[in-house]
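Worksheet: one structure, shown below.
Here the structure is a predicted model, which is why all the values come from computation and not from measurement. Counting starts at 1 for both ligands and their atoms, following the listed order.
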Amino acid sequence: MAAVTSITPSSSSTQSEARQAAQAYLNSRLTNSSGGVRPQPSKPFLIPEINISASFSSDLEDRKVVAKQIHDACTNSGFFTITGHGVAEQTRQGIIKSAEDFFKILPRECKEALHVKNSDYFRGWEPADYTYVNPSDWQDESNAAPETKEGFNWGYEEGLDPTGGDGAYRELDGKKVNGNVWPSEEDLPGFYASIREYYGQILQLARHLFRLFALSLDLPEDHFDAMTTHPGGIARLLYYPPSKDPKPLDHTQKDKEIGLGAHSDYECFTILLCSNASGLEILSPDDVWVPAPAVEGSFIVNVADFMMRWTNGVYKSTVHRVVNRTVDERFSVPFFFSVNYDQIVETLPGCVSDDNPSKYPPIGAGEYVLERLRATAKDG
Ligand SMILES: O=C(O)CCC(=O)C(=O)O
Ligand SMILES: [Fe+2]
């Protein structure tokens with residue numbers, strides 16, 4: 001099992017290297033997609049559907065079969081859907097209902113009291129047009145399309161962890177505090193209980209998936225276990241209003257309304273639940289925006305930047321965006337799984353060779369995510 005290192009902040013040059021490397025990756029992926037001028041992929045792009053039920057088997061060989069499918073998906077598009085995950089439909093519908101309650105019932109003044117601008121850790125309520133996942137979307141004012149999504153963000157806390165945690169949680173900056181903010185029980189009855197129910201199950205699913213990721217990388221199955229005892233796990237409720245100009249997907253025009261700009265996620269991997277898959281688009285390896293598949297009862301899983309960095313680029317972080325082109329409201333609940341924020345991460349030795357030397361210096365898991373979050377706020 002890997003040793004857990006206590007946090008020592010990296011130099012500011014490592015932090016800006018992390019921010020710049022991520023932006024350079026995004027820019028390089030978007031260069032060929034701008035305007036979406038290539039409507040047809042040159043070869044079919046399939047997003048794999050992986051039934052992970054065999055990964056709960058007591059037989060290691062069964063678990064390895066699922067891990068192999070994960071390896072194939074992560075070295076190709078970095079995007080897949082999972083079924084057979086064991087999370088009850090009632091729990092999934094429950095959190096979507098809580099998102100509706102938060103965005104549609106909670107009075108504006110209660111949301112204002114939870115405004116993300118008051119948080120050092122980007123927790124709480126984000127109005128529409130407040131953050132931009134792709135910093136170049138707002139830096140170029142002449143070309144800016146406002147992001148229409150509204151969000152509510154929270155992170156790991158021991159009360160949400162079915163294991164109870166190990167009492168060692170550190171925030172993104174290494175402080176021993178709980179950065180979460182919640183609406184009161186009086187203002188939104190049952191909200192925290194619904195979050196706890198969903199988050200607890202997703203956290204355990206994420207730990208399970210991380211064991212499969214370990215197997216998929218030819219590591220011992222428990223390789224990441226000691227790094228996820230008090231892990232980074234930011235989650236969000238997201239609301240996308242109906243389009244003001246509903247129309248079908250058009251690859252040839254630039255969208256005037258963007259739900260969530262083109263980006264890759266920051267952490268190790270994301271587990272995403274959507275009320276409606278329509279609207280989420282993935283940039284295929286040959287630079288075409290492809291609609292995410294709607295697979296009944298599934299979660300979408302995608303590799304994120306920290307995992308790409310950790311694997312020295314072997315696992316691909318997927319660029320995606322959300323554009324609601326319909327008259328329907330859309331809700332989603334992404335969960336971004338990281339390791340303990342006080343963990344220093346270096347390139348995995350199995351992903352380094354003479355031909356592919358390590359591209360990245362070591363960095364703390366929390367400071368990496370904080371640096372990326374800071375890049376998204378217009379006034380942050
Ligand atoms: O709303 C969605 O479907 C995707 C959300 C997402 O990509 C994100 O929050 O990073
Ligand atoms: Fe995302």
Residue [X] vicinity, atoms of ligand 1 by number, heavy atom under 4.0 Å:
| X | result |
| --- | --- |
| L272 | 2 (C), 3 (O), 4 (C) |
| F336 | 8 (C), 9 (O), 10 (O) |
| L260 | 5 (C), 6 (C), 7 (O), 8 (C), 9 (O) |
| R236 | 9 (O) |
| L238 | 1 (O), 5 (C), 9 (O) |
| H263 | 6 (C), 7 (O), 8 (C), 10 (O) |

Near the Fe ion (ligand 2) (cut-off under 2.8 Å), count of protein N, O or S atoms: 3
Report the relative orientation of the aromatic rings in F152 and F191; use parallel for angles under 30°, tilted for 30 to 60°, perpendicular for over 60°. perpendicular
Is the F210 ring parallel, tilted or perpendicular to the F269 ring (thresholds 30°, 60°)? perpendicular
Would F224 and F213 count as a close aromatic pair, with their ring centres under 6.0 Å? no
Decide if the gap between the ring center of H230 and the ring center of Y341 is smaller than 6.0 angstrom. no
Are K68 and D72 within salt-bridge range, i.e. N to O under 4.0 Å? yes
Do NZ/NE/NH1/NH2 and the carboxylate oxygens of D287 and R29 come within less than 4.0 Å? yes
Give me the one residue out of N178, N340, D161 that meets side chain to side chain contact (heavy atoms under 4.5 Å, CB included) with Y156. D161
What part of T270, side chain, backbone, both or neither, has a heavy atom within less than 4.0 angstrom of ligand 1? neither
Considering only heavy atoms, which of E281, K149, H320, R330 lies nearest to atom 7 (O) of ligand 1? H320
For K111, the salt bridge (charged side-chain N to carboxylate O under 4.0 Å, His left out) test, sequence neighbours excluded, returns E150
Where do H223 and L348 land on the side-chain contact (heavy atoms from CB on, under 4.5 Å) test, with the steps shown first? CA-CA 11 Å; H223 182 80; L348 287 166; 3.9 Å; yes
Measure the distance from atom 4 (C) of ligand 1 to every protein heavy atom, then report the residue, atom name and distance (to 0.1 Å) of the closest one. V322 CG2, 3.7 Å
